[in-house]
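One structure below.
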Amino acid sequence: MLGRRTRLNKLIEIKKILDDDINGNKFIIVRTDKNIEFMREYGLTNKDVKNIIREMSVDDCFAGPEFDRNPIYNGWIFKFSPMFENVKLYIKIRIENIGKAVCISVHEFGKYDEVN
């Protein structure tokens, strides 16, 4: 488990990637059924999800870094649980390399049997 300062630095790195993502090629939200359902239910766009992530604090990070379970991906996984409209969220982000990140999960925390 990393210390608070290291997690803060990784969160800052994620936010910088969001800010640098002009063409949608540096930050990607995976189009899983869970993510699509959550975004539709709350009427959220990719830009809205980015804004939720921009508002996250280091206190929202509850796990990471971890290796991705899928061995074809390189990078570090971080898990967050920010509040959005009085709902606790589950957000899982992989930092693949310098300048690129992937939002693997974004949905209500605990809505699915597995939140990893």
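- For residues 42-52, the pairs satisfying salt bridge (Lys or Arg N to Asp or Glu O under 4.0 Å) are Asp21-Lys50, with sequence neighbours left out.
- Other residues, nucleotides and ligands place more than 12 heavy atoms under 6.0 Å from the CD atom of Glu66.
- No side-chain donor-acceptor contact under 3.5 Å links Lys79 to the backbone of Lys92.
- When hydrophobic side chains of Ile, Leu, Val, Met, Phe, Trp and Tyr are connected at separations under 4.5 Å, Tyr73 ends up clustered with Ile72.
- His107 is listed as a side-chain neighbour of Asn35, based on a closest heavy-atom distance under 4.5 Å.
- Around atom CG of Asn74, no more than 12 heavy atoms belonging to other residues, nucleotides or ligands sit under 6.0 Å away.
- Rounding to the nearest 0.5 Å places CZ of Phe80 at 5.0 Å from CG of Leu11.
- Counting only heavy atoms from C-beta outward, the side chains of Tyr90 and Ser81 never approach each other to under 4.5 Å.
- Annotation for Arg31 and Ile36: closest pair O-CD1, 3.6 Å, computed over non-hydrogen atoms.
- Using modelled atom types, no side-chain atom of Lys26 and backbone atom of Asp19 make a donor-acceptor pair closer than 3.5 Å.
- The hydrophobic clustering, which links ILVMFWY residues whose side-chain heavy atoms are closer than 4.5 Å, places Phe27 and Ile95 together.
- Taken to the nearest 0.5 Å, the CG atom of Asp60 stands 8.0 Å off from the CD1 atom of Ile91.
- Under the 4.0 Å criterion applied to side-chain N and carboxylate O atoms, Glu37 and Lys34 are not assigned as salt-bridge partners.
- The OG atom of Ser57 sits 12.0 Å away from the CZ atom of Arg7 when rounded to the nearest 0.5 Å.
- The hydrophobic cluster around Leu8 extends to Ile12, Val58, counting ILVMFWY residues whose side-chain heavy atoms fall within less than 4.5 Å of a member.
- Put simply, Ile52 and Ile28 are part of two different groups of oily side chains (I, L, V, M, F, W, Y) that touch within less than 4.5 Å, one to the next.
- For the atom pair CD1 of Ile104 and CG of Asn70, the computed distance is 9.0 Å after rounding to the nearest 0.5 Å.
- Going from atom CD of Glu108 over to atom CG of Leu89 covers 7.5 Å, rounded to the nearest 0.5 Å.
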Worked check of side-chain contact (heavy atoms from CB on, under 4.5 Å) between Val106 and Leu44: CA-CA 11 Å; Val106 57; Leu44 300 174; over 6 Å; no
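- In this structure, Thr45 OG1 and Ile29 CD1 are separated by 8.0 Å, a value rounded to the nearest 0.5 Å.
- The two residues Ile93 and Ala101 come nearest to each other via the heavy atoms CG2-CB, 4.1 Å.
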